[in-house]
Protein chains: 2
Amino acid sequence: MSVGAVSRALSADKTLSIREETRERILGAAKMLNYSPNHAARSLRMSSTGLIGLAVHDVSNPLYSDIVAGAQTAAIEAGYVLTLTDADVLATDEEVFRRLVASKAIDGILLQTVDNSADSIIAKTAKTLPVVMVNAESPNPEVGSVTVDDHQAALLATNHLLELGHRKVAYLTIDEHEDRAARRLGGWRDAMIDAGLVPQARWIVNGGHSSEGGMRAMEAIISTPEMPTAVVAANSLIALGAMKACQAAGLQVPDQVSIVGIHDFPTAAYLNPGLTVVSLPLRQLGERAVQLLLDQREGKRPVHEKLSAPAAEVIARGSTGPCPGSTHLR
Amino acid sequence: MSVGAVSRALSADKTLSIREETRERILGAAKMLNYSPNHAARSLRMSSTGLIGLAVHDVSNPLYSDIVAGAQTAAIEAGYVLTLTDADVLATDEEVFRRLVASKAIDGILLQTVDNSADSIIAKTAKTLPVVMVNAESPNPEVGSVTVDDHQAALLATNHLLELGHRKVAYLTIDEHEDRAARRLGGWRDAMIDAGLVPQARWIVNGGHSSEGGMRAMEAIISTPEMPTAVVAANSLIALGAMKACQAAGLQVPDQVSIVGIHDFPTAAYLNPGLTVVSLPLRQLGERAVQLLLDQREGKRPVHEKLSAPAAEVIARGSTGPCPGSTHLR
DNA sequence: GTGAAAGCGCTAACAG
DNA sequence: CTGTTAGCGCTTTCAC
């Protein structure tokens, strides 16, 4: 019995034929000694680490936790281990980038970024490792990407409000330099136009990507003459800030203003009132991203994919209600 | 110029003396070719990966995001890279544990767990790698740990309520099998006793560790005869659930019931009303944990450390107010 | 069917 | 002061 045979027995090599008894003796000894092949040696020899990186902007952003969960599941399924890193650090800190990406400490990386601070690192990365962008469309043919149906989500959110009798529906957008921004804005615009309404430019306010930004944006909406009776927020953190602004201004939600956000998240149901949201298939987004990454590793061409199933869905909670003064019945 | 010299030049070896011109030529070529030493080969040779793992239970728990941020900073400071993993997966999935920990894909691991599902893996891990428990006291002398001043936090929260004139102050505890639970409960109890009050057993209800649990717990409190006028929640997620339960029961916060939670988090200020919390130095907790881990790596004995600075602090927002019917002035 | 040996890319020790 | 070389622990090919 030699070291070669042991290695092959432990990795369950089918082409190895030794006596069953010997095989069992090897496996037994390995378990007894709690043996695990050294990661570095294995990686060096096989030029593969079995690790997939997921770079996230703001780990604790509650809107995106499902992406992580989905990626986790899919990675394990495929025999990989998922490790998270801070995307901003990766983009900012040369040394961290070098250690993790350039030196191939991981087999590939999933990039979830909010702004395009990432753009610079994407190109660098793609030269070394397979990359898949998560929840943003790749501008680079060497980099795959997956997105959800942003247009549809905003359309559904707006229609929900329209069905409640609202006519003046404002839109709190996320920063324009994100590609999602335009798609979601388009959804709101199309819903308004389909309903025979004119989407007023003054009803579109930039809400940044935080609750703070949402609050400021809503304050601007409130001071608008002919104030809208309902608001679509491009994401639910912005919606949260909008609710705060209403509360500060003494406006009742949903009696005086209805608010709906995009993306469901754990605390949405615990707000006062509960926040009505449109949910998107983020878990599946995470899973699919891993699969695309693995496909690229096997030499397939990077592709962009828009995930449209499961479909976006309105989850009505307390923050949306009938338009005040409308004849709408519910 | 040989490979040895190049390696030493790139790692800035002081004892290497070559012509300045040669050194620059090496560095220049490395930059030109975008060269980075292969991680696996380097790790194998140096028996060190430069990676520190942080295993978290529920990545997106907003209460703990500062721990991650602190650990991140300290790791980079020390020339390491921090990678996050799901603690539950690590505890559950043998294969993931093997790949990441047993095979030494990382140099050490920080363990942040909510329940003691971790207990089983701690022992296993400590045999292979340095481990430091974060925000829980280590039961194992081979494993270091850092905690914050849980007793003080609950004491401050309770005193804040007492100062507002409340006498009947309930306590929503986290699951008892966490060591934090007893320390925080003790803080509430001591504050009550110091104020000459009797901490009633029926005012202690288990709120689990989620908003859902907090809601159930608060429902129980509400149906108590001689209902308390104020509530300390052992963490802010529980407090969130408690607020929801009040709202559902038609109880005004803070006019009829005051609520305070432990741990500040980003959305606390955006709730309606804003949640009063006691903040704890979680960022420093993360930093310190990394330092202890690195100390252990250098052969120092694992220690337990309680972080008492910066001190816990009450952040008063809208969810706490004077006791209804009390003569307290504010 | 089994065992020996090459070599993955790097660093550190040592010989020149 | 610089260049050569051994060897980290593993897998896999090749010779027996």
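Here is the naming used below: chain letters follow the sequence lines, and residue numbers restart at 1 for every chain. Since we're looking at a predicted model, the values are computed, not measured.
- Listed by residue number, there are no residues of residues 25-32 of chain B with a heavy-atom contact under 4.0 Å to DNA chain D.
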Q: Classify every nucleotide of nucleotides 8-16 of chain D by which part a protein heavy atom approaches to under 4.0 Å, writing B for the base, S for the sugar-phosphate alone and - for neither, in 5'-to-3' order.
A: BBBBB----
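- Checked against ring pair (Phe, Tyr, Trp, His ring centres under 6.0 Å), His263(A) has the following partners two or more places apart in sequence or in another chain: Tyr64(A).
- When all heavy atoms of Asp175(B) and Ala181(B) are compared, the closest pair comes out as O-CB, 3.4 Å.
- In this structure Ser36(B) satisfies the side chain to side chain donor-acceptor pair (under 3.5 Å) test together with Arg98(A), sequence neighbours excluded.
- Comparing the start and finish of the helix from dG1(C)-dC16(D) to dG16(C)-dC1(D), five pairs each, the helix axis swings through 60°, to the nearest 10 degrees.
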Show me, pair by pair, the donor-acceptor contacts under 3.5 angstrom made by side chains of residues 72-82 of chain B, not counting sequence neighbours?
residue	atom	partner	partner atom	Å
Thr73(B)	OG1	Ala69(B)	O	2.8
Tyr80(B)	OH	Arg297(B)	NE	3.1

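- Applying the salt bridge (Lys or Arg N to Asp or Glu O under 4.0 Å) criterion to Glu305(B), with sequence neighbours excluded, gives Arg288(B).
- In this structure Asp295(A) satisfies the salt bridge (Lys or Arg N to Asp or Glu O under 4.0 Å) test together with Lys300(A), sequence neighbours excluded.
- Shown here are the salt bridge (Lys or Arg N to Asp or Glu O under 4.0 Å) partners of Arg99(B), two or more places apart in sequence or in another chain: Glu95(B).
- Sorted by first and then second residue, the salt bridge (Lys or Arg N to Asp or Glu O under 4.0 Å) pairs involving residues 50-67 of chain A (not counting sequence neighbours) are Asp66(A)-Arg283(A).
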Less than 3.5 Å apart, which donor and acceptor atoms pair up between the side chains of residues 126-135 of chain B and the rest of the protein, not counting sequence neighbours?
none

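- Applying the salt bridge (Lys or Arg N to Asp or Glu O under 4.0 Å) criterion to Glu24(B), with sequence neighbours excluded, gives no partner residue.
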